[in-house]
Structures are given as C-alpha cells and as structure tokens.
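The structure under discussion appears below in the form of structure tokens.
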Amino acid sequence: SQQGEEDPQALSIQEGENATMNCSYKTSINNLQWYRQNSGRGLVHLILIRSNEREKHSGRLRVTLDTSKKSSSLLITASRAADTASYFCATDDTGGFKTIFGAGTRLFVKA
Amino acid sequence: EAQVTQNPRYLITVTGKKLTVTCSQNMNHEYMSWYRQDPGLGLRQIYYSMNVEVTDKGDVPEGYKVSRKEKRNFPLILESPSPNQTSLYFCASRRSRAVYGYTFGSGTRLTVV
C-alpha cells in the first residue's frame with residue numbers, strides 16, 4: 001500500500017528558482033524522510049524529520065512537517081541543474097518496522 | 001568506503017530459473033530491506049530484517065525469499081521467477097530507524113523473459 005503521495009508528479013523550473021514538493025501520508029508515523037534519485041540509480045538520503053519536529057534545514061534544503069494534516073514539504077532553494085532528479089518521501093510507521101515510499105516527484109531544472 | 005553492494009547490476013533470466021541477488025553492507029547496520037521499483041509505483045518493500053535471523057514481510061513479498069544468516073548479508077532469492085518480477089531492485093541498510101535514513105545499493109535491473 002502506498003503511504004506517501006508526492007505532489008506534483010513533475011516539476012520544471014529555471015536554475016536559480018526555488019522548488020517545492022509536497023508529500024501526504026495516511027497513518028501515524030515516527031518520522032518522515034526525503035530521498036533523491038538520479039535516473040535509475042540508488043536513492044540518496046537527504047533529510048529525516050521526526051514526528052515531534054516541525055521544520056528542519058540542511059544546506060539549501062528545508063523540510064516542514066505538519067502531523068495534523070499528515071503532510072510534509074521539501075523546499076530546495078536556488079535550484080541548480082544538478083538538482084535535476086526524482087525526489088521521494090518515505091515514512092516509518094509507528095506500528096512496526098516498515099518504511100513506505102511514495103511515487104516521487106520528478107524535478108527538472110533548466111540551465 | 002561505507003556502502004551497500006548489490007550484485008549483479010543487470011540480469012536477464014528465463015521464467016522459472018532460480019536466482020539470487022546478493023546484498024552486503026560494511027557499516028554494521030542492523031536493519032536491512034529489499035525494495036522493488038516500478039514506473040509510476042514508487043518503491044515497494046519486499047522484505048526487511050531487523051537483525052540476524054529476524055526477517056519479516058513487506059508489502060509485496062509473494063514470489064520472494066530472504067535470509068539473514070550474517071549481519072552484513074541479506075540475499076534476495078527468487079525461487080521461480082516470472083515476468084511480473086521484471087523490475088529494478090534495491091537493497092538498503094540503516095543504522096537506526098529513529099534518526100537515520102537508508103543507505104541504498106546501486107540497484108539490480110532484472111528482466112525475466
């Protein structure tokens with residue numbers, strides 16, 4: 001079953017602009033993670049935000065979490081062509097040991 | 001270098017011929033997991049392991065087996081592969097679910113004809 005659902009499915013922006021991706025989920029979570037995947041390669045972990053945190057930063061990345069709305073957003077500031085990739089959210093459920101990924105947002109940054 | 005190593009990277013096989021995809025991590029992680037990735041469906045968890053000799057089913061375990069006899073290795077076994085198991089497979093490991101995300105392998109692209 002899909003837990004995280006990303007929105008939009010695809011996003012195209014100019015270099016230097018900000019990119020915002022959203023993730024919604026259905027059940028109670030311990031934490032939410034964001035990953036990047038370059039075409040067909042392994043996913044790279046970007047950031048983890050715990051359920052009791054509301055915002056987290058890492059370099060040009062800013063993640064927010066709203067547990068009342070069961071949603072999260074990933075903001076990439078001052079995008080670069082190298083940020084072109086697919087971005088996935090994933091959630092650790094509270095009931096067990098599963099980690100469930102969404103279908104991803106494809107980001108294309110034009111130079 | 002800390003990494004998760006999967007082999008092979010590419011595999012073409014025929015229906016019904018048993019195969020094993022190996023996965024090894026050198027980070028002493030307790031938690032390991034297998035995912036398959038299909039277009040439009042994201043990543044779906046096949047099996048996971050919380051520690052040696054402790055494994056459990058994910059969301060799509062049918063047609064797959066795993067074992068965890070050593071902490072570093074977590075092979076994925078397809079006893080009788082079928083064309084609907086054609087997919088991109090990822091092994092991943094993790095130190096702690098509370099504060100760390102997964103480290104992923106480079107993937108195995110499997111085609112079953």
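Just so we're clear, the structure is a prediction, and the values are computed from it rather than from any experiment. Because only heavy atoms are used, hydrogens play no part in the values below, and waters and symmetry mates are left out as well, while side chains stay in.
Residues of residues 47-73 of chain A lying within less than 4.5 angstrom of chain B, judged on heavy atoms, are A:L48, A:R50 in numerical order.
The part of B:Y100 that comes within reach of chain A is its backbone (N, CA, C, O), which places non-hydrogen atoms under 4.5 angstrom from that chain. Interface residue B:Q37: only side-chain heavy atoms are found under 4.5 Å from chain A. Proximity to chain B is limited to the side chain of A:N31, based on heavy atoms less than 4.5 angstrom apart. Neither the backbone nor the side chain of A:Q9 comes within contact range of chain B; no heavy atoms are under 4.5 Å apart.
Residues B:Y64 and B:M50 do not share a hydrophobic cluster, defined by chaining ILVMFWY side chains whose heavy atoms lie under 4.5 Å apart. At a threshold of 4.5 Å between side-chain heavy atoms, the hydrophobic network of Ile, Leu, Val, Met, Phe, Trp and Tyr places B:L78 and B:L88 in two separate groups. Cluster annotation: B:L110 is connected to B:L76 through the hydrophobic network of ILVMFWY side chains, with a link wherever side-chain heavy atoms come within less than 4.5 Å. Taking hydrophobic clusters as Ile, Leu, Val, Met, Phe, Trp and Tyr residues chained together by side-chain heavy-atom distances below 4.5 Å, B:V60 shares a cluster with B:V112. Cluster membership for B:Y31 and A:V44, using ILVMFWY side-chain heavy atoms within less than 4.5 angstrom, is not shared.
The two atoms that bring B:L43 and A:F101 nearest to each other are O-CB, 3.7 Å, heavy atoms only. Among all heavy-atom pairs drawn from A:A103 and B:G40, the shortest one is CB-O, 3.9 Å. B:Y102 approaches A:Q33 most closely through the heavy-atom pair CD1-OE1, 4.4 Å.
Contact count versus chain B (heavy atoms, under 4.5 Å) is highest, among A:G42, A:A90, A:G104, for A:G42. Ranked by non-hydrogen atom pairs under 4.5 Å with chain A, the options B:G58, B:G105, B:G101 are led by B:G101.
Ring orientation note: the planes of A:Y35 and B:F104 are nearly perpendicular, at an angle over 60° on the 30°/60° scale.
The 12-atom threshold is exceeded at NZ of A:K110, counting heavy atoms of other residues, nucleotides or ligands nearer than 6.0 Å.
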Criterion side-chain contact (heavy atoms from CB on, under 4.5 Å) on A:T99 and B:Y48, from CA distance to verdict: CA-CA 9 Å; A:T99 303; B:Y48 58 92; over 6 Å; no

